[in-house]
Amino acid sequence: MTAPKTLYDKIWDAHLVDESDDGTCLLYIDRHLVHEVTSPQAFEGLRMTGRKVRAPEKTIAVPDHNVPTTPGRETRIENAESRIQVDALDKNARDFGIHYYPVADVRQGIVHIIGPEQGWTLPGMTIVCGDSHTATHGAFGALAHGIGTSEVEHVLATQTLIQSKSKNMKVEITGKLSPGVTAKDITLAVIGKIGTAGGTGHVIEYCGEAIRDLSMEGRMTVCNMAIEAGARAGLIAPDEKTFDYVRGRPHAPKGAVWEAAMAYWKTLFSDEGAHFDKVVTIRGEDIAPVVTWGTSPEDVLPITAEVPDPASFPGGKSGAAKRSLEYMGLKPGMKLTDIKVDAVFIGSCTNGRIEDLRAAAEILKGRKLAPGVRGMVVPGSGLVRLQAEEEGLAEIFIDAGFEWRLAGCSMCLGMNPDQLAPGERCAGTSNRNFEGRMGRGGRTHLMSPVMAAAAAVTGHLTDVRELMAETA
Amino acid sequence: MEKFTKITGIAAPMPLVNIDTDMIIPKQFLKTIKRTGLGVNLFDEMRYDEQGNEKPDFVLNKPQYRDAQILIAGDNFGCGSSREHAPWALLDFGIRAVVSTSYADIFFNNCFKNGILPIILPEDQVQYLMDDASKGANARITVDLESQTVTASDGTTFAFEVEPFRKHCLLNGLDDIGLTLEKADKIDAFEDKAKQLFPWA
Ligand code: SF4
């Protein structure tokens, strides 16, 4: 009998091409996702060395990071540098014969949203992209992680990646979530508990009843932020929900191949007794709607709390907290719900899927943006946008006073024109609250779509449960 | 890739924890399609004010640290995005080695691909080097990859670990794509097998 394996062990073993004596491994890559910002130097490298893309049929490219989210972008992108990057991707996709979704294609969107949407992302696969939030695809029980540009070039040329194996970490969320608490609160609560380096050197497998209960969209939100906990990847074992999501997608297997795939996918779980190097357990009932107050995703507190005192942090963290509060323009002891916002951003690969828009619209229905607050909704893909329009969600956002944008990364990293001005404060559904992330001097509070919608309505950080009580 | 064997140089102290890649190279500089030229924008928002003038109190703007080749930094250096522009910017500025207690995975990997050596040492040793680096330009620190040691200006030496394969590539300035392509037959064999086992992939 073989020793019990974790889900990570199983996927790893199934993709091992070679192992050297010193433990360095060559891992086969099933899907390689490419976007305009981290790929130009990799393609340039291929050209310089006369190398080809080894498996163009497994390589998918889409421009998302710095495309504008306003109409007219198909014909002309104003910013010259962005245009050069998008043009370079156009050309590279054509020259090397890889799958490509140009801005004009309705299927264009954030790379981590369209991978699953188009059925490129399947359980048990290895998936890489020159982007740290590749962890998102782990929601399907795929080993997915971000790589640097040199590694992008390596995968393009060899369809493999040089890797050393990570450790196994289990994060179990037991029981049920309370009303108003979402996948985003789970993932932020985990980072708040273990810290941004808590998962370093590990692959996290999320499990437990609260994770099982999540939709595929919610699971993607959870895995998306595994990287924010320092982990190389996040994983969730596939189940019926996973298969239902995948079935019938354009690039999902069909017929007899589908049946064979299903039979294999059902073996993808951590065996009873498999060894985890680290285990963290959180009770679902103990998770409240949370927000971040500082400039690191680990600066997480329940919305009912107050801005912490830097002096209460140990050692080096105290200085970081002080710097955070100065940057965020906050005083220790003030109630989080007293923090006023200037902008609300709903979107990103963390929370730009249809379910996220439905949840936010539910809160916004019949309500308006608070005076002086600017609201922006950026669907994660052209297809999410279309569906939201068909379901009448777009109308709710527009009636509430939100801008209804075209798909892309947008304000999540502020590479395109969607940015905060210095000192502006935003309630955002994205994944990073770093200094300057949404624009130089901009201040970001991370939260779930319903919490962002609540802040939009009141003009300050708000416990969404109060608004839910009003409508109930 | 440039080889890394041994350097002796000025070390700049950056006692902040969680220095993320957005700080190392803000996104407005990711729009390049080249690997070089990013050094002037290294730590841009910490280094320059809104008008683009240097902030005199930022460590790399101080006369004694302008030629730093080594960074001594707080925990979890390089967290955040996968942008390889971060090591490109460090390298372009002239940084060849970083010392910290821990790094984010992707950043750590990216360093090795670009001839930068990220060294992990325990907290007290990082602190020792941080104090040493704070003495300014006279405090030259030596990093020797062959012997896997860091030596402070007073001769105190600390040993560090590095994976043999990464050490080999760095010492010889090897391009790992070339090395992997030598294993093409193994990749072919894997693909043949995978076609049978996982035809959907
Ligand atoms: S939405 Fe944000 S986090 Fe996601 S891929 Fe785009 S920039 Fe990265």
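First the proteins, then the strands, lettered A, B, ... as listed; each starts at 1.
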message: Below 4.5 Å, heavy-atom pairs only: which of B:H168, B:M46, B:E191, B:R166 has the largest tally toward chain A?
response: B:E191
message: Between A:E151 and B:I177, is there a side-chain heavy-atom distance shorter than 4.5 Å?
response: no
query: How long is the span from the CZ atom in B:F198 to the CG atom in A:D30, to the nearest 0.5 Å?
result: 8.0 Å
task: Would you name the heavy atoms of B:K31 and A:E81 that are closest together and state the gap between them?
output: CB-CB, 3.6 Å
- prompt: Which region of A:E153, side chain (C-beta onward) or backbone (N, CA, C, O), has a non-hydrogen atom less than 4.5 Å from a non-hydrogen atom of chain B, or is it both or neither?
  reply: both
task: Please look at A:K254 and chain B and tell me whether the side chain, the backbone, both or neither of the residue comes under 4.5 angstrom of a heavy atom of that chain.
output: neither
task: Tell me, for B:D175 versus chain A, whether the close heavy atoms (under 4.5 Å) come from the side chain, the backbone, both or neither.
output: side chain
- prompt: Which value, rounded to the nearest 0.5 Å, describes the distance between B:W88 atom CH2 and A:T149 atom OG1?
  reply: 4.0 Å
field: Residues of residues 42-50 of chain A within contact distance of chain B, non-hydrogen under 4.5 Å
entry: A:E44
- prompt: Is it the backbone or the side chain of A:S296 that comes under 4.5 Å from a heavy atom of chain B, or both, or neither?
  reply: side chain
query: Do you know which two heavy atoms are closest between A:Q85 and B:T32, and how far apart they sit?
result: NE2-O, 3.2 Å
task: Could you check B:D75 against A:K317 for salt bridge (Lys or Arg N to Asp or Glu O under 4.0 Å), going step by step and ending with a plain yes or no?
output: CA-CA 10 Å; B:D75 312 344; A:K317 296 244 158 128; over 6 Å; no
- prompt: By a 4.5 Å heavy-atom criterion (distance strictly below it), what part of B:A201 contacts chain A: side chain, backbone, both, or neither?
  reply: both
task: Against chain B, work out which of A:A261, A:G319, A:A252, A:G195 has the most heavy-atom pairs shorter than 4.5 Å and name it.
output: A:A261
query: Under 4.5 Å between any side-chain heavy atoms of B:N114 and A:S150, yes or no?
result: yes
task: Would you mind checking which part of A:A14 comes under 4.5 Å of any heavy atom in chain B, side chain (CB onward), backbone (N, CA, C, O), both or neither?
output: both
query: Of the non-hydrogen atoms in B:K27 and A:G414, which two are nearest, and what is the gap between them?
result: CE-O, 3.6 Å
- prompt: Side chain, backbone, both or neither: which part of B:E163 has a heavy atom under 4.5 Å from chain A?
  reply: side chain
field: Toward chain A, the part of B:I33 with a non-hydrogen atom under 4.5 Å
entry: both
message: Between A:I162 and chain B, with a heavy-atom cut-off of 4.5 Å, which part of the residue counts as in contact: side chain, backbone, both or neither?
response: side chain
query: If you take all heavy atoms of A:T160 and B:I187, which pair is closest and at what distance?
result: CG2-CD1, 3.8 Å
message: With chain A as the partner, which of B:E45, B:R83, B:M23, B:K183 has the greatest number of non-hydrogen pairs under 4.5 Å?
response: B:E45
- prompt: Do A:T196 and B:N76 get their side chains close enough for a donor-acceptor pair, meaning under 3.5 Å?
  reply: yes
query: With side chains defined as the heavy atoms from C-beta onward, is the minimum distance between A:T38 and B:E84 less than 4.5 Å?
result: no
- request: Below 4.5 Å from any heavy atom of chain B, which atoms of A:R432 appear? Answer side chain, backbone, both or neither.
  value: side chain
- line: Greatest number of non-hydrogen atom pairs under 4.5 angstrom with chain A, of B:V17, B:D176, B:T180, falls to B:T180
query: Does some side-chain heavy atom of A:S132 sit less than 4.5 Å from a side-chain heavy atom of B:I106?
result: yes
task: Heavy-atom distances under 4.5 Å only: say whether A:T158 touches chain B with side chain, backbone, both or neither.
output: both
message: Using heavy-atom distances under 4.5 Å, tell me whether A:S20 contacts chain B through its side chain, its backbone, both, or neither.
response: side chain
message: Please identify, among B:N110, B:D105, B:L179, the residue contributing the most non-hydrogen atom pairs under 4.5 Å to chain A.
response: B:D105
query: Taking the side chain as C-beta and beyond, is there a heavy-atom pair between B:L181 and A:R51 under 4.5 Å?
result: yes
query: What part of B:D20 lies closer than 4.5 angstrom to a heavy atom of chain A: side chain, backbone, both or neither?
result: side chain
